[in-house]
Protein chains: 2
Amino acid sequence: MAELKGNLVVAQSGGPTAVINSSLAGVIQEGLKHSEITGIYGALHGIEGILYENLIDLKKEDSQTIEKIKRTPSAGLGSCRHKLTTEEYERIINVFKAHNIRYFFYIGGNDSMNTADVVGKMTSEMGYDLIAMGIPKTIDNDLEYTDHCPGYGSVARWVASSVRDSGFDTEAIGVVDRVKVIEIMGRNAGWITAASALGKKEESDPPHLIYLPERPVSVNKLLDDVEKWFKKLGYVVIAVCEGVKGEDGNLLSASAASIDTDSFGHVQMGGAADFICNLIKEKLKIKARFDKPGTIQRMSMALVSEVDLNEAYMAGKEAVKYAMEGIKGKMVSLVREGDENEYICKTGLVELDKVADAEKLIPDSYINETGNGVTEEFYKYALPLMGGPLPEYARFKKFQVNKKL
Amino acid sequence: MAELKGNLVVAQSGGPTAVINSSLAGVIQEGLKHSEITGIYGALHGIEGILYENLIDLKKEDSQTIEKIKRTPSAGLGSCRHKLTTEEYERIINVFKAHNIRYFFYIGGNDSMNTADVVGKMTSEMGYDLIAMGIPKTIDNDLEYTDHCPGYGSVARWVASSVRDSGFDTEAIGVVDRVKVIEIMGRNAGWITAASALGKKEESDPPHLIYLPERPVSVNKLLDDVEKWFKKLGYVVIAVCEGVKGEDGNLLSASAASIDTDSFGHVQMGGAADFICNLIKEKLKIKARFDKPGTIQRMSMALVSEVDLNEAYMAGKEAVKYAMEGIKGKMVSLVREGDENEYICKTGLVELDKVADAEKLIPDSYINETGNGVTEEFYKYALPLMGGPLPEYARFKKFQVNKKL
């Protein structure tokens, strides 16, 4: 057991998710069990809460609130995106000293892991005993050294379900809007967009085309892809990552100028889906419309993955348990065990500085050869994360009545 | 009981919804009970399925499929938006005669009610016995002579839940994106956008501002509204109907030219939310982003309203029962009974031609005086439709730790 006695502070950073509060609840509920932890403080709006001494006393919150927070999306403590200067790091350590903070848990992505790492190393150099630990959180699923990230399974479920729903819509409406483009979050890594495939059963199910930032998109190839599917089915559903790039390496929407500046003068300001819709309308003369769900996708408790929610909670709890063993300077990772028939997830540990510097893109083996879809291997990886299959929908077999006229 | 013996045809029209298939299942399952109904056919893609004789035999589908269709969003028979010419009406009646169709059920909005009405009257004039009945369906909730429309309760639940989620996101992320604009479906009637208020408990809960097509929006007033809320909370969530109009009566996005054509050159092509974001960035210098969930909002089985689903099913079943009594030329309406403590909904009947010509906008008493929100009366009307309250989320009470530095 750790000898270190003092207060604990926990903070949340980066884009909120459906389950970042589950990790927070895990930290609080585990923290309450250990006598070494005298006070449990929450920093409001991430590292800024420490910087400006905006700390709240989480022990004073009633236990029902903590229990409910587990199933409340978004960041209950507030979030931030703040890159600290050297002076600010010093100030933070002074705040830690002033409040006898001995345990620091930062729930976030790789920038947050970097912050936790630097804070831990600086205090160590100064001879101030502090245990800094990282708890992973990102819908983007782009952290290295962890099988996957808390937050991803839930956004994957939302995207799989909503793209399937939106695809059924396009299939039914037929002649009115024949092409639907759905713009999905992600800057450099296409993990969330890839999850749009998880509601598919047949190759002909929507989405028919998936474009990821890992593969530059040729505008002509895209038009060929759309035309092929359109001829086959009479409608096409496309999932496109907002960060998808053109062959010149720029954001696809920025390559508007290379096609028809007159008709596409506004496109440069729009997103990838808007751009693709205009392209299809202009070049293929087919009506297209887009959905851009934006932040709604990362925050839905109605479509939360129970697997994700439980793992996020586990990561929070385990971080405290590791700290109680005296472990520090690490991020809790998720480690997949079991086999194809049984998905088992446990926690592991990884150095904070290793995580801070890395970004995990989708591996080649998960993307199909033509760069417009995913492979079986991706399904094997991602399906268990979204917490059970989607509810089954029915289609009529459509026994044709003989024509009489 | 009706003496009329022959085949039944059912068709779906207009934008799909989460529950239009529940009405379809109601028609099929009730139809199976009556010996007067010899065959049960589905027309593929609405009236076009009859026009082109694309009929399927629904009696050949197994009963499990029908049961599952009840909980499958979108239009299982396919939908259409087709305005018939006189020649096409004649062709349709010839198809009816050729297939001995004696019962015609059309599930749709006011255009579909018009089609059903004309078909019914034309066959009557020609002395061909046909019972044509309408079953209401529209997320827009804009049909007159019915308390509300099947499809609305579910989109209301989706919008209330998603705007609340997205609002929590904006609240947490604070300094990064301070204003969130969510664009919601609706051309002339703002019913769906108004439903964004249904997840609110306190006045300060998102959405803070709701703009509806029923009230022209003054750009300056909008900027004042945003600034007021921004000063109060540090963030603002806005729900805006895609069909919202400016003071000149044109779509708000079309009034771009009147502010700053250089910076807003692309806005004319964008939607209301995009326009408002640019306006806020330009005039208030506050970062704003928008979500445009599009067709995803009308198709979610995960956020279906059980009340809506059951009523849609009831409307389908009752339409067949009424037809069996010899009633024709009517749309099944939903009639609210009970009082404030108990919501009860039964069916009624209304002439098809009355429904066809009317559009129900939100009454004045449901919109607040300043035209940027809804009233208590709206809550009383709409809350029961979304099928129970949203799951409760928790907020910390935030007991501040005394500052020491």
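In what follows, chains are A, B, ... by sequence order, proteins preceding strands, each numbered from 1.
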Heavy-atom contact with chain A under 4.5 Å, split by part of [X]:
X	result
E171(B)	backbone
K59(B)	neither
N21(B)	neither
R164(B)	neither
L390(B)	neither
Y41(B)	side chain
I20(B)	neither
L303(B)	side chain

Can you tell me if [X] uses its side chain to pair, donor with acceptor, with the backbone of [Y] under 3.5 Å?
X	Y	result
H45(A)	I173(B)	no
K292(A)	F290(B)	yes
K403(A)	Y52(B)	yes
K404(B)	E53(A)	no

Practice item. Please round to the nearest 0.5 Å and tell me the distance separating atom CD of Q297(B) and atom OG of S162(A). Key: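 Reported to 0.5 Å precision, the distance equals 11.5 Å.
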Point to revise | Spacing of I296(A) atom CD1 and I296(B) atom CD1 [to the nearest 0.5 Å] | key: 8.5 Å
For the interface with chain B, which of [options] has the highest count of heavy-atom pairs at distances below 4.5 Å?
options	value
R289(A), R71(A), E183(A), R395(A)	R289(A)
I66(A), D62(A), T17(A), L58(A)	L58(A)
E67(A), Q64(A), Q400(A), K180(A)	Q400(A)
S74(A), G14(A), G46(A), G294(A)	S74(A)
G167(A), G15(A), P16(A), S161(A)	P16(A)
D57(A), L405(A), L44(A)	L405(A)

Study note, to complete from the structure: Shortest non-hydrogen pair, N402(B) vs H99(A), comes out as O-CE1, 3.2 Å
Point to revise | Least distance between heavy atoms, A394(B) atom then K68(A) atom | key: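 Where A394(B) meets K68(A) most closely, the heavy atoms are CB-CB, 3.5 Å.
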Study note, to complete from the structure: Greatest number of non-hydrogen atom pairs under 4.5 angstrom with chain A, of P73(B), A302(B), A75(B), S300(B), falls to P73(B)
Point to revise | Residue among T65(B), I69(B), N54(B) with most heavy-atom pairs under 4.5 Å to chain A | key: I69(B)
Check your understanding: Can you tell which of D165(A), D291(A), T170(A), D169(A) makes a side-chain hydrogen bond (donor to acceptor under 3.5 Å, both in side chains) with T295(B)?
Key -> D291(A)
Review point. Of the backbone (N, CA, C, O) and the side chain (C-beta and beyond), which part of V95(A) lies under 4.5 Å from a heavy atom of chain B, both, or neither?
Key: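 For V95(A), backbone and side chain are both near chain B.
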Exercise for review: For residues F396(A) and T72(B), determine if any side-chain heavy atom of one lies less than 4.5 Å from a side-chain heavy atom of the other.
Suggested key: no
